[in-house]
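Have a look at the structure below, then the notes.
Numbers restart at 1 for each chain; the letters A, B, ... are given by sequence-line order, proteins then strands.
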Amino acid sequence: MASLSREEVVHVATLARLELTDEQIDTFTPQLAAILANAADVEALDLDDVPATSHPYPLTNVWRPDVVRHAGVRDAVLAAAPAAQDGMFRVPSVLGDAP
Amino acid sequence: MSALEIAAAVRGGERTARAVMEEHLSLIGAREAELHAFNLVTSEQALAAADAVDARVAAGDDPGPLAGVPIALKDNLCTTGIPTTCSSKILAGWKPPYDATVVERLTAAGAISVGKTNLDEFAMGSSTENSAFGPSKNPHDITKVPGGSSGGSAVAVAAGFAPLALGSDTGGSIRQPAALCGVVGVKPTYGRVSRYGLVAFASSLDQIGPFATTVADAAALYEVIAGHDPRDSTSIPEALPPVLPRLGDGVAGLRVGLVTELCQAEGIAPDVAARVAAAAEALSEAGAKVEEVSVPAVIYGLSAYYLIAPAEASSNLARYDGVRYGLRVDAPTTAEMYDRTRTAGFGPEVLRRIMLGTYALSAGYYDAYYGKAQKVRTLIIRDFQAAYERFDVLISPTAPTTAFALGAKADPLAMYLNDICTIPSNLAGHPAMSVPFGSGDDGLPVGVQIMANALDEVTMFQVAATLEGAMA
């Protein structure tokens with residue numbers, strides 16, 4: 001198994017939408033490498049003929065009647081949000097300059 | 001008083017729910033500062049709910065099988081209008097607009113929440129030291145951890161703050177703290193208890209379950225919270241056989257397998273191994289046929305778990321982005337707001353697991369890590385199935401050692417090894433529980449783990465009741 005590089009940790013942080021400090025990256029790099037090294041036993045197994053299990057039970061689709069219901073929690077949900085306006089979550093500018 | 005004794009006294013009008021609640025609140029008042037079991041004690045709501053139960057009894061109604069019983073709820077279970085933090089700064093100030101299904105069922109059964117218990121942030125840890133609000137302390141020795149992640153719930157029950165508590169168990173988070181605090185802890189079959197309203201960590205592994213001081217109390221709580229819920233698509237529709245009527249049936253003729261790989265796993269202390277051997281002996285004396293059994297693939301459990309659980313967590317925790325709940329760190333753009341909020345809101349262990357999971361799922365590594373781990377999960381399920389063809393239940397240590405000192409396991413991998421005996425059951429999905437069985441050389445509690453085939457909680461509880469009886 002290739003050891004985990006600092007650059008890979010920086011890349012993964014970007015994928016995970018995290019803005020880590022240099023210090024955090026220095027701490028996490030060897031820790032994550034050690035955890036992955038510990039998983040080398042799994043990496044080394046030949047499992048080509050073994051199906052993957054994503055869930056402890058062989059679940060098939062679960063159906064329920066398609067009934068329109070009123071959840072009635074919109075105001076409560078918005079009240080718990082950091083910022084809301086006109087019945088919507090309010091966020092900073094997504095494209096271009098902030099208003 | 002046990003939970004069942006309290007419920008009987010309240011239903012019979014011999015004691016008021018208010019008197020019961022005041023007694024427990026006063027115990028909390030006396031020791032909570034020292035133990036830190038709770039993130040929040042909801043005294044006012046608890047007393048009001050107790051009065052409501054008493055009013056129903058006075059009116060001739062039956063408030064339910066847990067009438068007036070105080071219960072502590074792990075702070076990753078949603079409670080309407082009451083802060084639910086997951087012991088994370090990222091959910092600061094958030095009050096859920098709905099109750100978890102288990103909370104609804106408890107209320108319908110007459111139980112009364114005393115508050116929300118401390119946990120490792122987002123249930124990631126084995127000591128509660130990853131809580132953003134500081135660790136809980138083991139009531140048997142406050143220099144020791146209570147275990148985790150449901151450490152606060154285990155402490156609340158062990159300290160007598162409440163006879164019952166709920167926790168959640170993704171890799172041992174109910175069973176390990178139960179063992180370290182000397183109480184009963186149960187992880188039911190995956191899907192037995194609705195996860196609706198449980199803040200998700202690793203959805204294919206998470207399961208809610210009871211803490212109690214007695215096996216019968218744990219069974220009573222299990223009966224109240226278990227059963228199909230259409231709001232959880234992974235909820236099992238099969239009928240729920242009652243446990244309490246068969247709790248005393250004993251173990252005569254039962255086939256008990258002592259799992260070799262778990263009894264000899266890395267780090268199992270000799271005093272813990274000795275207690276497990278004593279439990280095997282006790283079951284044998286009670287008429288069970290006890291033999292060693294090999295479940296070879298469990299040796300890969302820890303590695304597979306620490307790829308699968310972080311992968312699922314990295315996906316589940318993507319929702320904490322500063323938009324809909326809790327913390328927001330303002331920034332000029334939404335993208336920067338996401339990054340800053342998440343980095344400021346999550347503690348080190350949660351960040352580590354998000355990073356690990358994101359890596360295991362990323363392009364070029366998915367097959368080698370996440371894909372492989374899912375295949376190992378199949379091997380573990382197959383090996384357990386083979387064991388359950390020959391055995392009704394399997395036993396092992398719950399945790400490798402008795403409670404360890406606060407701060408003793410700063411290295412993440414050392415902490416992960418605590419879960420070596422409990423993780424395989426989450427990967428396989430079968431029920432497992434920890435029952436106290438004496439103490440180690442240091443006088444601290446030791447737990448024995450009982451595992452049973454999927455959906456066979458009844459047999460698992462019978463074995464636990466037999467072990468409890470052998471200690472009495």
Side-chain angles (χ1 to χ4, degrees), chain A residues 1 4 8-9 11-21 24 27-28 31-32 34-45 47-57 59 61-62 64 71-83 89-98, chain B residues 94-98 190-191 204 230 233-234 236 299-300 302-304 306-307 314 318 321-328 330-340 342-343 348 351-352 354-356 358-359 362 368-369 371-379 381 412-413 416 427-429 454:
Chain A
M1 186 195 62
L4 191 69
E8 282 176 299
V9 172
H11 173 62
V12 170
T14 309
L15 293 177
R17 298 242 63 123
L18 297 170
E19 196 178 79
L20 300 183
T21 62
Q24 283 174 311
T27 307
F28 286 152
Q31 287 177 340
L32 295 172
I35 296 165
L36 289 169
N38 194 61
D41 56 344
V42 162
E43 216 196 345
L45 290 172
L47 300 170
D48 285 351
D49 300 330
V50 180
T53 296
S54 61
H55 192 275
Y57 293 100
L59 276 183
N61 283 335
V62 178
R64 64 166 172 78
V73 296
R74 192 188 76 161
D75 291 345
V77 168
L78 289 170
F89 297 113
R90 183 181 165 86
V91 295
S93 170
V94 177
L95 297 168
D97 293 332
Chain B
W94 183 60
K95 293 177 184 173
Y98 68 102
Y190 180 84
S204 81
S233 64
T234 61
I236 294 172
I299 63 168
Y300 301 113
L302 197 74
S303 299
Y306 277 100
L307 296 169
S314 73
D321 55 10
V323 175
R324 287 156 295 169
Y325 7 65
L327 181 74
R328 171 183 292 188
D330 277 317
T333 69
T334 298
E336 289 166 284
M337 186 273 286
Y338 292 158
D339 294 358
R340 290 180 197 174
R342 289 166 59 74
T343 311
L351 289 173
R352 205 154 31 233
I354 289 173
M355 295 285 290
L356 190 59
T358 304
Y359 180 75
S362 65
Y369 288 114
K372 267 278 177 61
Q374 286 190 310
K375 291 180 173 191
V376 168
R377 193 167 183 183
T378 306
L379 296 184
I381 290 171
L413 261 177
Y416 296 174
L427 292 170

Residue part contacting chain A, namely of [X], when any heavy atom lies under 4.5 Å:
| X | result |
| --- | --- |
| B:L356 | both |
| B:I299 | backbone |
| B:K95 | backbone |
| B:Y98 | neither |
| B:A428 | backbone |
| B:A454 | both |

Considering non-hydrogen atoms only, spot the tightest contact between [X] and [Y] and give its length.
| X | Y | result |
| --- | --- | --- |
| B:P97 | A:V77 | CG-CG2, 4.0 Å |
| B:R324 | A:P82 | C-CD, 3.8 Å |
| B:A304 | A:V42 | N-CG2, 4.0 Å |

When you measure from the side chain of [X] to the backbone of [Y], do you find a donor-acceptor pair of N or O atoms at a distance under 3.5 Å?
| X | Y | answer |
| --- | --- | --- |
| A:R64 | B:P230 | no |
| B:T334 | A:P92 | yes |
| B:T378 | A:P51 | yes |

Nearest-0.5 Å distance, CD of residue A:E43 to CG of residue B:L307: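 Interatomic distance, A:E43 CD to B:L307 CG, rounded to 0.5 Å: 9.0 Å.
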Interatomic distance, A:I35 atom CD1 to B:L302 atom CG [nearest 0.5 angstrom]: 10.5 Å
Do [X] and [Y] come within less than 4.5 Å of each other through their side chains, counting heavy atoms only?
| X | Y | answer |
| --- | --- | --- |
| B:M355 | A:L32 | yes |
| A:N38 | B:S303 | yes |
| B:Y359 | A:L36 | yes |
| A:Q24 | B:P348 | no |

Most contacts with chain B, counted as non-hydrogen pairs under 4.5 angstrom, among A:A34, A:S54, A:A83: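 The candidate making the most pairs under 4.5 Å is A:S54.
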Among the listed options A:H11, A:E19, A:R17, the residue most often paired with chain B at heavy-atom distances under 4.5 Å: A:R17
Residue, of [options], that accumulates the most heavy atom pairs under 4.5 Å with chain A:
| options | result |
| --- | --- |
| B:Y300, B:W94, B:Y338, B:Y416 | B:Y300 |
| B:P96, B:A335, B:A318 | B:A335 |
| B:M337, B:R352, B:R340 | B:R352 |

Pair B:K375-A:L45, side-chain contact (heavy atoms from CB on, under 4.5 Å): steps then yes or no: CA-CA 10 Å; B:K375 291 180 173 191; A:L45 290 172; over 6 Å; no
Working for side-chain contact (heavy atoms from CB on, under 4.5 Å), residues A:T53 and B:Q374: CA-CA 5 Å; A:T53 296; B:Q374 286 190 310; 5.5 Å; no
